[in-house]
Each structure stands twice: as structure tokens, then as C-alpha cells.
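Here's the structure, in C-alpha cells; my notes come after.
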Amino acid sequence: MATSFFESTPEEDFSQVPPQLLKRMSRYRVARADTCINCGLCASLCPYGVHRRIEGHVSIMPPAEPKCIGPSCASNSYYCVKNCPTGSLSVGANPVFDSMGDPRWTAEMILGTWKMAESGEPLPLDHPANVGASGGGFDRMSFALPPMKGKFDPLLISTAIDLNHRKEGTKIRIPIPVYGGGMSYGSISQRTMLARAMAAKELGTFTCTGEGGYPELLIPFKDNVITQIATGLFGVREETIKRARIIEFKYAQGAKPGLGGHLLHEKNTPDVARMREAVPFTNLFSPFPFHSVYSVEDHKKHLDWISSVNPSALLSVKVSTPNDVEMVAVGSYFAGANIVHLDGGYGGTGAAPEIAKKNIAMPIEYAIPKVHRFLEKEGIREEVTLIASGGIRTAMDVAKAIALGADGVVIGTAELVALGCVRCANCESGRGCPRGIATTDKELEQLNQIPILARRLTNLYRAWQLQWCELLFRYEMNDIRQLRGRMDLLRYEGTLGRMLP
Amino acid sequence: MYERYHVPKNEMPPMGEPFSKSSVIRDARCMNCGRCKDACIFSVHERSAADPRVMADPKSYLCKNCLRCVEDCPQRALSVELSRSYLELGGGLWTPQRVVTIWNEAWTGKVPVFGAGYRGKFSGTGYDSMWTDMSEIVRPTRDGIHGREFISTSVDLGKRVDYLEFDASGRLITKMPSFVEIPIPMILDLTRLDLTAQAKTGLMQAAKALGTMFIAPAEGYLPNGRNGSMVPLFSAGNTASRYDLSNPKMVEMEYSPDWASDLKALKERFGGIPVAVRIQAKSGIERLAVELASSEADVIHILYDEQSQESDGRLAKDSLMAVNRALANVSLRERVSIIAGGGLAAAEHVPKSLLCGADAVTMERALKVALGCHACAVCDKDRCTVDQNGITSDWSKWRAVNLVGAWRDQLLEIMGAMGVREVRRLRGEIGRAIFYEEIEKDAFANIKGGV
């Protein structure tokens with residue numbers, strides 16, 4: 001039942017969510033050997049609070065590793081390892097930290113996202129968690145940051161964007177240049193969906209149902225929920241279309257362009273199957289492409305169909321990034337789309353063939369300037385809302401995407417990381433996510449509490465918003481829309497003529 | 001009657017304990033509380049069967065690196081690291097991830113499907129610096145590629161005629177060239193593989209089961225294991241070598257300065273079937289290709305090294321494109337087929353080789369990896385830890401069939417996304433690929449420091 005989730009919502013202040021994740025994952029390992037005599041010297045020396053003795057206890061507490069600054073501390077007079085009279089302490093790299101993450105989402109980036117989700121505080125703009133180590137695209141791009149001149153007041157800087165740039169139709173403005181990506185019921189748990197919707201409502205932006213139908217739990221949040229019409233048409237009904245302020249047509253998804261959705265059989269539980277009007281525990285591959293769309297004229301008919309069902313809704317067309325992406329964007333505009341949503345090749349997914357993630361269609365970094373320029377040349381740039389997604393991981397990636405020419409972005413994976421995802425990539429099968437985020441397993445789902453999940457998301461976006469404000473303030477801008485297309489502010493470390501690492 | 005091509009697959013687990021990508025380490029602080037057992041949904045942590053009071057050693061090979069146990073352990077006694085043996089796998093193009101992927105493909109025969117987005121480097125060298133195109137609304141349908149709709153991966157090897165001529169009574173008078181059709185653009189090349197007789201026999205059976213061909217030396221190569229799928233390879237000057245099977249579908253010869261006389265001898269000896277010329281890729285290969293294409297040769301088999309390079313360092317991607325262009329420039333591209341071999345370390349290298357200009361590819365080291373090889377940067381027999389002696393021909397056969405089957409299914413995925421229904425149409429279709437060098441200029445040229 002819809003209400004049962006809320007019954008457990010206590011009147012608590014969740015502005016600081018419990019740091020359950022950061023407590024355990026740390027960059028350095030501090031080991032105390034059995035030879036420790038509990039003299040307490042380390043506790044009195046360490047200014048960072050790594051070593052601590054609770055008043056009245058004999059033993060020192062296990063080292064609070066996340067607070068340790070690592071072996072570089074050796075140059076300090078208070079370095080615990082040097083001062084320990086029995087030589088019981090050692091500080092070194094934590095192999096668990098090294099095993100986390102990957103070039104696109106480094107361990108640093110995962111921890112940084114967790115930190116913002118737990119505290120709501122922004123990271124400095126030059127923090128290493130803002131960039132990945134993939135060796136290309138956003139990771140070789142940076143803003144030539146002017147120095148800070150004084151302090152900024154976030155209330156005086158606007159990060160809002162409009163989602164409808166056409167003269168006619170409903171006007172919708174969101175206070176941050178971000179809304180949530182489509183994640184279906186089936187790929188993620190109902191709790192995760194609900195938390196995303198709660199966060200979207202609080203922030204005044206949107207989240208998206210994905211292609212797995214519109215769970216009734218989300219109806220209280222309907223003003224902040226986009227519903228998707230994907231090729232499988234799972235759970236698409238007239239009432240779900242009438243309910244939404246924005247309807248998203250999913251032609252393709254960046255992680256698996258041209259392949260349609262994948263929901264592997266184990267995650268297709270009876271509840272999921274009911275929503276999708278499918279047989280439980282069968283593989284659900286949504287077909288590709290839309291069987292009713294084989295030309296741009298068909299595409300227009302498709303959009304007209306939805307317009308006639310819900311005339312006030314904005315239409316978003318989500319496409320992947322083929323060679324002719326700019327033509328696709330122009331075609332979508334003329335067919336009536338308000339939002340052209342490009343999903344780049346390195347985007348997230350609940351399940352996709354590995355070969356598709358790397359190899360099919362171009363990364364979003366290339367597609368944004370290509371489409372932005374082409375729309376300008378066609379003279380329709382100011383009537384299209386260009387939204388980018390697919391491999392946009394941090395607030396700085398968002399800013400880079402906007403500087404490359406997008407109006408705003410869609411975020412998927414970063415939201416899940418904020419909820420505690422470590423990107424172990426096991427969401428596709430079995431019981432799904434071992435952390436209860438992207439699962440349909442009733443037991444695993446219980447690992448997370450909705451209010452905490454929602455708070456982690458709003459914390460993340462509040463932190464991001466402050467990062468954008470700082471960036472804009474440094475450039476003496478007061479509106480994020482001024483940043484759009486400002487490629488001149490970017491620096492790119494080109495690699496042509498050199499071997500990539 | 002028409003029969004849909006289908007690769008039969010048969011799960012073939014590795015011999016011995018499966019490989020562990022992570023090592024899960026339980027240190028002395030563990031107090032056997034069992035919280036890890038509750039946390040782990042992959043059964044890495046279990047209580048000891050002999051003494052349920054203590055936890056058994058973690059089964060690292062089941063670990064999926066979710067770090068739940070590390071997080072939940074009240075004693076901080078657990079850690080998960082990338083195992084040393086994982087980090088030491090492969091070399092260069094053959095990354096640890098690729099080696100493990102091939103092992104899994106050979107085990108299950110399935111297309112690797114995982115959650116979460118792409119996790120690797122932005123781009124790389126050679127084939128890793130290109131992306132394939134896709135189409136938003138063009139057929140074939142995705143649900144069709146594995147089911148209802150016809151999508152062909154057949155290729156023809158040999159010469160093609162530009163046009164057909166008929167006499168007044170409608171009879172064909174054009175002399176039809178010799179060619180052979182195989183249902184997948186992948187041929188097994190055993191020539192350079194150092195394997196036991198059992199393993200080789202299995203691979204020969206795999207080629208037959210797949211309906212494709214295998215290349216192996218004509219003389220002295222496992223006479224008892226041979227079957228009709230064999231392409232006998234004749235070394236230079238030895239075109240008269242004994243070859244005991246009567247009707248090969250294709251024969252191959254080594255390139256040498258005297259290639260023309262060898263070619264003539266083979267054409268005479270095996271009339272009516274295509275003859276392939278096997279040639280090491282080095283600078284100037286495009287000129288040699290034009291020379292061969294103007295001759296009686298039907299197929300050019302170009303060999304790259306296992307890092308996907310010519311002997312002079314040019315990348316196979318660039319080399320194949322140059323060959324394709326050189327042949328097209330003199331209108332000889334249809335006169336000859338091109339097989340590319342070497343440096344195919346992942347499924348995506350097959351369609352990318354084709355896009356760069358090959359008609360088909362050969363699988364070599366990937367087959368050896370499927371049989372357990374670690375693809376070390378330097379193959380040192382004295383330090384090799386892989387025991388080949390336990391390999392049976394049946395195991396070898398199914399591991400290879402599973403691998404090729406998984407690669408073919410992934411080829412279908414790429415073709416489905418591109419809206420291409422015939423693998424022949426991929427050949428040289430560089431307009432349907434996205435190249436790092438070009439797109440980088442296109443997108444970033446006016447950013448400071450760009451390109």
C-alpha cells in the first residue's frame with residue numbers, strides 16, 4: 001500500500017544523513033598491532049581524531065581511518081607511527097579503496113559523491129573527485145577558473161532553466177539544470193523510485209518512471225514525475241499519459257543504443273510483471289525500434305498521438321548519439337518535441353551487453369557541440385531545450401555539458417551512487433543490487449529507508465547547486481543560462497598525435 | 001529448405017576452481033559473528049562445514065566486489081582487493097578484463113550483460129579508438145535479431161565478377177570464379193597456436209560444428225583429427241606437399257618472393273577452389289595487396305601481431321583501411337577477399353575489422369585464451385601456470401564453440417543497432433563508424449588546447 005512507506009517516516013531532521021558508507025570506506029588503512037599497550041599517546045597527538053579513547057575505557061578505539069591523511073603525515077611532528085613507543089602503528093594505502101571504482105567512476109569520485117550526499121556540503125571545484133580518470137572527454141576538459149573575489153550569496157545566483165523554449169505550450173521551469181533519468185520499476189526498487197520522486201518534489205525538479213509502468217505509489221508526486229513511452233510500451237496507459245506534465249519518448253538509450261531495454265528474468269517478479277502486463281520471470285527485452293516509427297513522419301504522428309491525449313504536456317524525445325545525431329535532433333524539433341534529450345554512449349543502465357556500452361554510438365561530449373551548433377545554424381536553437389545525459393557524473397560534468405551547448409542534463413547513475421551504489425555492476429540479474437537500490441527483491445529492498453534515501457539525493461543536489469553557484473560567481477555570472485555554449489571558458493588537453501594512456 | 005544458422009552452445013566450466021577476480025581476506029580480528037554471511041548475497045561467506053562455530057575461508061571466486069561484507073563487519077576484519085593473479089593477466093591489448101571476459105564467454109557461450117554503465121577508458125588505440133554507428137528507427141528490429149527476423153552473418157571468400165554475361169539463348173557464359181561461403185565471418189587459425197593434440201583436435205571439431213573452416217599446416221598436422229573444414233596451409237615452395245583429404249573448400253599458401261609460381265601450382269593442383277595467400281602485414285602492404293589482387297589469387301590473408309599491429313607498428317585498423325582504399329582506387333576490391341588475423345581480443349574487434357575493410361577475420365589467440373591461456377605479454381613456457389594436459393578434445397571443442405557463438409551474437413547486436421541485416425554490408429563501411437581522430441577535431445577544435 002502506498003501509505004505504508006510513510007508511516008515509518010519519523011519527524012526527524014535528515015539534513016545530515018548518517019554517514020554509514022563513508023565510515024567504512026577509506027583511502028588509508030591504519031593498523032594497530034597486538035603489541036599496543038594502550039598508552040594513549042596517539043590519541044593525544046593526532047589532530048584529525050583518528051585515534052580516540054573513550055573516557056574511562058582501557059583500550060583505544062579502532063582507528064577512524066577515513067579521518068587519516070595518510071603516509072604524507074610522516075613529515076608532521078605528531079605522526080602517530082613515528083611516535084608510538086611500541087611501534088605498533090602503521091599507515092598505508094587501503095587495498096579496498098584501490099579495488100573500488102573504475103576509470104569512469106574513480107573511487108575518489110564515489111567517495112566524494114557519498115560525502116556530498118551525506119553532508120550536503122559542496123566539494124571544492126578543484127577537488128579530484130570532480131573528474132574521472134577515463135583519459136578523454138570531460139576528464140580532459142577543465143574550466144580555466146578565475147579566482148574567487150569575496151563570497152557569494154547563492155540566493156542571488158540562478159541555476160534555473162526552462163524546459164519549454166517554444167512560444168506556445170506550458171511553461172515549466174526547474175530550479176536546477178538537472179532532472180532525474182528514467183529508471184523503470186523492475187530495474188530499481190519501489191523504495192528507490194519513491195525516494196527519487198520525493199527528492200524531485202522537494203527540489204522542484206523531475207524524476208522519470210522509465211519504461212516499466214507508473215506505480216501508483218508515485219501518484220502523490222505526479223507533478224514531478226515524467227513518464228516514459230519506450231519501445232516496449234510497458235504499462236503505458238491513457239491515464240498515465242494524462243497524469244504527467246512531461247512525456248518522454250525513449251527511442252534509444254546510450255548504454256545500449258539500438259538494442260531496446262533489457263530486464264532479465266530473475267528481476268521480473270510477479271509485481272513487476274503485473275505492472276508491465278507481462279509473464280513473471282521471463283526475460284523482457286523491449287523491442288527496437290518503435291514498430292510504428294520508420295520515418296520522421298511516423299515520428300510526428302507518434303508525438304501528435306500523445307498531444308491529443310494530453311495537450312498540455314511537454315514532449316521530450318530521448319535519442320542516442322549516432323553519426324547523424326544532429327539531423328535526428330532537428331527532425332524531432334520539427335515533429336513537435338519541446339525537449340531533445342541526447343543520451344550518450346557511456347550512460348548508465350540496469351542491464352546492457354558490455355559490447356554495446358563501449359562501442360555503439362558516440363560519447364555525449366561529442367554530440368552536444370555537434371547538435372548545439374547545428375541547431376544554431378538551422379536557426380532553431382532558441383526554441384529547443386537541449387538536454388544531455390550519459391556519463392555525466394558530477395556537478396562539474398554538468399557545467400561542462402552546459403558550456404558545450406546543452407541547456408541542462410539528466411542524471412541517473414550519480415543519483416544511485418549518492419544512494420550508496422559502488423558500481424559493482426551486478427544489478428542485472430539474480431536478486432539484483434546487493435545494496436538494495438536496484439533490485440526487486442523484497443528483502444534486499446528493506447536495507448534502505450526512504451526518507452534517508454530522499455535526503456541523500458537532495459543533499460547531493462544542494463551541494464551541486466552550491467558548486468555551480470561558485471563557478472558562476474567566479475565568472476561574474478548570475479544565471480546558469482549565461483554559461484550555455486561558452487566553450488571559450490573551457491580548456492581541453494588534446495591527445496591527437498599522442499598515444500592515449 | 002532454408003535453415004536458420006544457429007550456434008549450439010554447451011556450458012563448459014573451467015577445469016578446477018573458477019578464477020577469482022577479487023580476493024576476499026579475513027584477518028585475525030574476525031570473531032566469527034556471521035554478519036558477513038547475512039550480508040553476502042553471493043554466498044562468499046559461509047560457516048565452516050566441519051565446525052559451524054567458525055567461518056570458512058571466503059570463496060573469493062564468487063565475490064562480485066559489492067563490498068557489503070566489508071561495510072557490515074563490526075570488527076573491520078574483512079577486506080576485498082583485486083587479486084594479484086587478476087592484475088597480472090594479459091598484456092597490452094589483452095587487458096585482464098578482456099581475458100576474463102573470454103573465459104566467461106567460453107564457459108557460458110552468452111553475451112556478457114551487466115548492470116551499470118561503461119566502466120573503462122574513454123578511448124584507446126586501434127579498434128578501441130572507434131565507435132560503431134547506430135540507427136534510431138531503421139530495421140532490423142532488435143527482437144528480430146535473435147528470433148523472428150532474418151539477419152545474415154554469411155560471407156563469401158574468393159573472387160567476385162563485376163557482371164554476368166549470357167548468350168543469345170540465355171545461357172550463362174561468364175566463367176564463374178571460385179568462392180566459398182561460410183556462415184560466420186570468423187575462421188579458426190590454428191597455425192600459430194602452441195597447443196596439445198587433444199586441444200587442437202577439439203578446435204578442429206569446433207570449426208566443423210560451427211560450419212566454418214580452420215587453417216592448419218597441410219603436412220604433418222594431426223592427420224587423424226582432420227575434417228572437411230580444414231584449409232591446408234602450404235609453406236613457400238612446398239605446394240606439392242602431401243595432403244591426404246581429397247576436397248578442401250579452400251587452400252592457403254605462404255607469401256614469398258616466388259609466390260606467383262606457388263599460386264600457379266596450387267591452382268593447377270586444386271582447380272576450382274579459392275586459393276588464399278597468407279602474408280605478414282608490413283609497411284607497403286597495400287601495394288602488395290594490389291599486386292596480388294591483379295593476379296589469380298582469390299583471397300589475401302593478412303596477418304597482424306597479437307597487439308593488432310603490422311611488423312612496422314602501423315595499427316591493423318589503419319592498415320586495413322589503407323588496403324581497402326588502395327584496392328578500391330584501382331577497382332580491384334571485388335576481385336579479392338581479405339581475411340585479417342591477429343590482435344582480436346574482444347568481440348567488438350570482429351565488426352570493427354570488417355568496417356575497416358576485411359571480409360572475414362581469423363581467431364587465434366582468443367581460442368587459446370578460451371582454453372585457459374593467460375595471454376601474458378611474453379609467453380614463457382617455463383613460467384606458464386596453465387596445465388594443458390587435462391584438456392580433452394570435447395572440452396576444447398565446446399569452449400571454442402561457446403566463444404565463437406558468443407562473439408557472433410555480439411556481432412548481431414552491433415548489426416542490429418546499425419540497422420544492417422547482412423554482415424557483407426559492413427565491409428569497408430567506414431561511413432558507419434565514428435573515428436576518434438575525426439570526431440575529436442569536429443567537436444573540440446575550437447576549445448583552447450583542443451586537438
Side-chain angles (χ1 to χ4, degrees), chain A residues 24 62 95-96 99 102-104 134-137 251-252 255 257-260 285 287-289 293-294 319-320 322-323 328 345-351 353-362 366 369-370 413 422-428 431 434 438 487 490-494 496 499-500, chain B residues 22 40-42 64-68 70-71 76 79-82 101 111-125 129 131-139 141-143 347-348 410 413-414 416-419 431-432 434 437 439-444 446-451:
Chain A
R24 295 297 182 193
V96 180
S99 77
D102 50 75
R104 287 205 65 79
S134 74
Y251 275 80
L259 300 180
F285 295 122
F288 185 87
V293 180
Y294 288 109
V319 293
S320 188
N323 245 336
V328 173
Y346 294 161
T349 174
E354 288 295 306
I355 189 168
K357 294 180 190 172
K358 162 71 179 78
N359 299 294
I360 308 178
M362 64 177 80
Y366 297 139
K370 221 166 130 85
T413 305
V422 285
R423 275 175 62 80
C424 69
N426 298 303
C427 18
E428 84 292 354
R431 296 172 67 190
M487 284 174 86
L490 291 169
R491 298 290 172 270
Y492 185 72
E493 203 190 315
L496 289 183
M499 292 274 277
L500 281 176
Chain B
S22 306
C40 183
I41 64 168
F42 305 109
K64 305 264 180 104
N65 212 24
C66 74
L67 307 179
R68 265 284 304 279
V70 176
E71 207 178 294
R76 296 188 193 166
S79 57
V80 175
E81 313 171 3
L82 284 177
T101 302
V111 174
V113 174
F114 290 103
Y118 175 57
R119 299 150 66 79
K121 289 276 186 187
F122 186 85
S123 179
T125 54
S129 70
W131 294 271
T132 61
D133 198 12
M134 62 84 65
S135 168
E136 308 283 355
I137 54 172
V138 174
R139 280 166 169 271
T141 60
R142 202 275 159 188
D143 45 336
E348 65 259 30
Q410 291 175 75
E413 299 276 358
I414 295 274
M418 289 175 79
R432 297 302 309 279
I434 299 161
E437 299 85 357
I439 189 88
E440 191 87 344
K441 267 184 226 155
D442 220 35
F444 298 151
N446 52 1
I447 304 185
K448 194 166 181 189
V451 194

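In what follows, chains carry the letters A, B, and so on, assigned in the order in which the sequence lines appear, proteins first and then strands, with residues in each chain numbered from 1.
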Side chain from CB out, backbone as N, CA, C, O: work out which of these in A:T349 comes under 4.5 Å of a heavy atom of chain B, or both, or neither.
both
Give a yes or no on whether the backbone of A:R104 and the side-chain of B:K121 come within a donor-acceptor separation of less than 3.5 Å.
no
Taking the inter-plane angle between the rings of B:F122 and A:Y366 on a 0 to 90° scale, is it parallel (under 30°), tilted (30 to 60°) or perpendicular (over 60°)?
perpendicular
What part of A:K370 lies closer than 4.5 angstrom to a heavy atom of chain B: side chain, backbone, both or neither?
side chain
Any donor and acceptor pair, going by atom type alone, linking the side chain of B:T132 with main-chain N or O of A:N359 inside 3.5 Å?
yes
Quick check on the interface: out of A:C427, A:A425, A:P95, who has the most heavy-atom pairs with chain B under 4.5 Å?
A:A425
Would you check, one step at a time, whether the test side chain to side chain contact (heavy atoms under 4.5 Å, CB included) holds for A:S320 with B:M134?
CA-CA 8 Å; A:S320 188; B:M134 62 84 65; 3.9 Å; yes
Distance-only, no hydrogens or angles: does the A:N426 side chain make a donor-acceptor pair with backbone N or O of B:G115 under 3.5 Å?
no
Side-chain donor/acceptor of A:N323 to backbone N/O of B:I434, under 3.5 Å
no
Minimal non-hydrogen separation, B:E413 against A:L259, with atom names:
OE1-CD2, 3.2 Å
Polar side-chain atom of B:E136 near backbone of A:Y251 as donor-acceptor pair, under 3.5 Å:
no
For each of B:T101, B:V80, B:L82, tally heavy-atom pairs with chain A at distances under 4.5 Å, and name the one with the top tally.
B:V80
Rounded distance (nearest 0.5 Å) linking atom SG of B:C66 with atom CZ of A:R423:
15.0 Å
In terms of heavy-atom proximity below 4.5 Å to chain B, should A:A252 be classed as side chain, backbone, both, or neither?
both
At their closest point, which heavy atom of B:G120 faces which heavy atom of A:S134, and how far apart are they?
O-CB, 4.0 Å
Identify the two heavy atoms, one from A:V96 and one from B:L67, that lie closest to each other, and give their separation to 0.1 Å.
CG1-CD2, 4.0 Å
Heavy-atom pairs under 4.5 Å with chain B are the metric here; pick the option from A:A438, A:A361, A:G350, A:A255 that has the most.
A:A361
What part of A:V422 lies closer than 4.5 angstrom to a heavy atom of chain B: side chain, backbone, both or neither?
side chain
Donor-acceptor under 3.5 Å (B:R68 side chain, A:P434 main chain)
yes
Which heavy-atom pair separates A:E354 from B:F114 by the least distance, and what is that distance?
OE2-CB, 3.2 Å
Among the options A:M487, A:R491, A:R431, pick out the one with the most heavy-atom pairs lying under 4.5 Å from chain B.
A:R491
Region of A:V328 that comes under 4.5 Å of a non-hydrogen atom in chain B:
side chain
Side chain / backbone / both / neither for A:P369 at chain B, heavy atoms under 4.5 Å:
side chain
Side chain to side chain contact (heavy atoms under 4.5 Å, CB included) between A:Y346 and B:R119: does it pass, once the steps are laid out?
CA-CA 8 Å; A:Y346 294 161; B:R119 299 150 66 79; over 6 Å; no
At their closest point, which heavy atom of A:P257 faces which heavy atom of B:A417, and how far apart are they?
O-CB, 3.3 Å
Is A:A351 close to chain B through its backbone or its side chain, or both, or neither, when contacts mean heavy atoms under 4.5 Å?
both
Can you see which heavy atom on B:N65 is nearest to which on A:S99, and at what distance?
ND2-O, 3.2 Å
